[in-house]
*Asks:* 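What follows is a single structure, and I will ask about it in a moment.
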Amino acid sequence: MDFRLSEEHEALRESVRDFAREAVAPVIAEHYERHTFPYEIVRQMGKMGLFGLPFPEEHGGMGGDYFALCLALEELARVDSSVAITLEAAVSLGAMPIFRFGTAEQKARWLPKLLSGEALAGFGLTEPGTGSDAGGTQTRAVLDGDEWVINGSKAFITNSGTDITALVTVTAVTGTNPDGSKELSTIIVPSGTPGFTVAPGYSKVGWNASDTHELTFDDCRVPAGNLLGERGRGFAQFLRILDEGRIAIAALAVGLAQGCVDESLKYAKERQAFGQPIGNYQAIQFKIADMELKAHTARLAYHDAAARMLAGEPFKRQAAIAKLHASTVAVDNAREATQIHGGYGFMNEYPVARFWRDSKILEIGEGTSEVQRMIIARDLGL
Ligand SMILES: Cc1cc2nc3c(=O)[nH]c(=O)nc-3n(C[C@H](O)[C@H](O)[C@H](O)COP(=O)(O)OP(=O)(O)OC[C@H]3O[C@@H](n4cnc5c(N)ncnc54)[C@H](O)[C@@H]3O)c2cc1C
């Protein structure tokens, strides 16, 4: 058993760490405050090959693996989560369904621009009326001649309304299964298709420099060939995408948790109270020691899930454990980092304020903590 990173993974981690410190940290607070999408950072991440990390070179990817993506997400989130979720959603939710389930033609059309970061794709599963219970999807798609006609709406879709968004994959009811349940399928809807409307961005608690919209489909017509994979496989497809995505979200959460340690350590050495740095007080030392402990154990959990996935072994339970643990740890560390910063921790100019606002969504997106517990319990045979 060897817990050390390979030379390639270590080099990637270092280059993303440098990029986050040098290119993201100086500008992200302003994007966050103004709720603007960081196009220049996305362009630079594209040049670095981050959008193509886990994909083969034949499709324009970097020939790396999913673990490489996770390491990049961890290092980005250590500095900023809006940038990290933009990459996570673009790769694991946006491009991955097309890579995993698309036809040769769909891959040739979409993957080169998605993997270079020139374009982004959204993953349209959640609806205003249903999230955790994705089987409750109401959006419908009916085949009319050689076109799908889509009606319905999607809620909270990341990367769906940027200037460079090329498409959204939409989960829709396309019929009824023999057992009476809904037949779900996934359909590619290119941006700008008539009948596809993107609402203005939400006003969010956190992730303020990331792009999130409600989408409406009103007699929206796309070619029959835009079906992604087999008809009726929509449920199985999004379960697979979300299982993987949970490892990526866990990595992002570990990054945020570690960023809280970084900022707290720095502040504890600088801030004076009662004649000495607050880091001299054991109460503060113990808080930081506990934060480091939590970030470390959450990292081991996502490394374990990623290793199983890459070995082709079952990883559903381990991915849910990693996501549940890492998101809990992120929220805990953000709360403690804010506490260590005292009143300054409540000021938006300090990164820990951003970490605090960005942490809560990690317990909600890509399956709530309750859903993770349901997955773990089910996998244990309950
Ligand atoms: C900023 C942001 C970005 C997002 N990006 C995307 C995206 O790109 N694509 C996408 O498809 N979705 C996206 N989502 C949606 C996200 O995945 C959902 O919000 C999440 O899955 C929860 O669904 P919900 O909001 O409908 O909550 P609900 O499912 O309504 O849950 C409400 C509460 O009930 C609990 N609950 C539900 N069922 C049970 C049960 N059986 N037992 C116990 N408790 C239960 C939940 O855990 C939760 O606490 C995003 C959300 C946000 C906020």
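Note that the structure is a prediction, hence the values are computed from the model and not measured. Just so you know, ligand 1 is whichever comes first in the structure, and atom 1 is the first atom listed for that ligand.
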*Asks:* Atom 48 (C) of ligand 1: which protein heavy atom is closest, and how many Å away?
*Replies:* Thr368 CG2, 4.0 Å

*Asks:* Find all atoms of ligand 1 within a distance of less than 4.0 Å from any non-hydrogen atom belonging to Ile157, and give their numbers and elements.
*Replies:* 7 (C), 8 (O), 9 (N), 10 (C), 11 (O)

*Asks:* Which residue supplies the protein heavy atom nearest to atom 20 (C) of ligand 1, what is that atom called, and how far is it?
*Replies:* Ile364 O, 3.5 Å

*Asks:* Does Ser132, backbone or side chain, put an N or O under 3.5 Å from an N or O of ligand 1?
*Replies:* yes

*Asks:* Taking atom 32 (C) of ligand 1 as the reference point, report whether a protein heavy atom occurs under 4.0 Å from it.
*Replies:* no

*Asks:* Using the test side chain to side chain donor-acceptor pair (under 3.5 Å), find all partners of Glu214 that sit at least two apart in sequence or belong to another chain.
*Replies:* none

*Asks:* For His303 and Phe67, what are the C-alpha separation, side-chain angles and deciding distance, and is it a ring pair (Phe, Tyr, Trp, His ring centres under 6.0 Å)?
*Replies:* CA-CA 8 Å; His303 283 202; Phe67 186 53; 4.8 Å; yes

*Asks:* Could you list which atoms of ligand 1 come closer than 4.0 Å to a heavy atom of Leu125?
*Replies:* 11 (O)

*Asks:* Cation-pi check for Phe217 against Lys154: NZ or CZ below 6.0 Å from the six-membered ring centre and within 45 degrees of the axis, yes or no?
*Replies:* no

*Asks:* Can you find a protein heavy atom under 4.0 Å from atom 36 (N) of ligand 1?
*Replies:* no

*Asks:* To the nearest 0.5 Å, tell me how far Ile85 CD1 sits from Leu362 CG.
*Replies:* 7.5 Å

*Asks:* Which pair of heavy atoms, one from Glu244 and one from Tyr66, lies closest together, and at what distance?
*Replies:* O-OH, 3.2 Å

*Asks:* Does Asp133 reach ligand 1 with a nitrogen or oxygen that is under 3.5 Å from one of the ligand's nitrogen or oxygen atoms?
*Replies:* no

*Asks:* Any nitrogen or oxygen of Gly131 lying under 3.5 Å from a nitrogen or oxygen in ligand 1? Just yes or no.
*Replies:* yes

*Asks:* Considering Trp207, Phe156, Phe123, which one's heavy-atom position lies nearest to atom 50 (C) of ligand 1?
*Replies:* Phe156

*Asks:* Kindly indicate whether atom 53 (C) of ligand 1 is approached by any protein heavy atom to under 4.0 angstrom.
*Replies:* yes

*Asks:* If you count every heavy atom of other residues, nucleotides or ligands that lies below 6.0 Å from Phe346 atom CZ, does the total exceed 12?
*Replies:* no

*Asks:* Does Met374 reach ligand 1, in the sense of a heavy atom lying below 4.0 Å from it?
*Replies:* yes

*Asks:* Looking only at the side chains, is there a donor atom on one of Glu127 and Thr139 sitting less than 3.5 Å from an acceptor on the other?
*Replies:* yes

*Asks:* Should Thr158 be counted as touching ligand 1, given the test is an N or O pair under 3.5 Å?
*Replies:* yes

*Asks:* Do Tyr302 and Glu74 have side-chain atoms, one donor and one acceptor, less than 3.5 Å apart?
*Replies:* yes

*Asks:* Considering both backbone and side-chain atoms of Ala155, is one of its nitrogen or oxygen atoms within less than 3.5 Å of a nitrogen or oxygen in ligand 1?
*Replies:* no

*Asks:* What atoms of ligand 1 come within less than 4.0 Å of a heavy atom belonging to Glu366?
*Replies:* 17 (O)

*Asks:* Using a strict cut-off of 4.0 Å, indicate which atoms of ligand 1 neighbour a heavy atom of Ile361.
*Replies:* 52 (C), 53 (C)

*Asks:* Determine whether His31 and Phe37 satisfy the following criterion, ring pair (Phe, Tyr, Trp, His ring centres under 6.0 Å), listing intermediate values before the conclusion.
*Replies:* CA-CA 7 Å; His31 280 295; Phe37 188 74; 8.5 Å; no

*Asks:* Can you classify the ring geometry of Tyr350 versus Tyr267 as parallel (below 30°), tilted (30 to 60°) or perpendicular (above 60°)?
*Replies:* perpendicular

*Asks:* May I ask you to check if ligand 1 and Thr126 share an N or O to N or O distance below 3.5 Å?
*Replies:* yes

*Asks:* Under 3.5 Å, N or O to N or O, is Glu370 touching ligand 1 that way?
*Replies:* yes

*Asks:* What is the distance from atom CG of Asp179 to atom CG of Asn177, rounded to the nearest 0.5 Å?
*Replies:* 5.5 Å

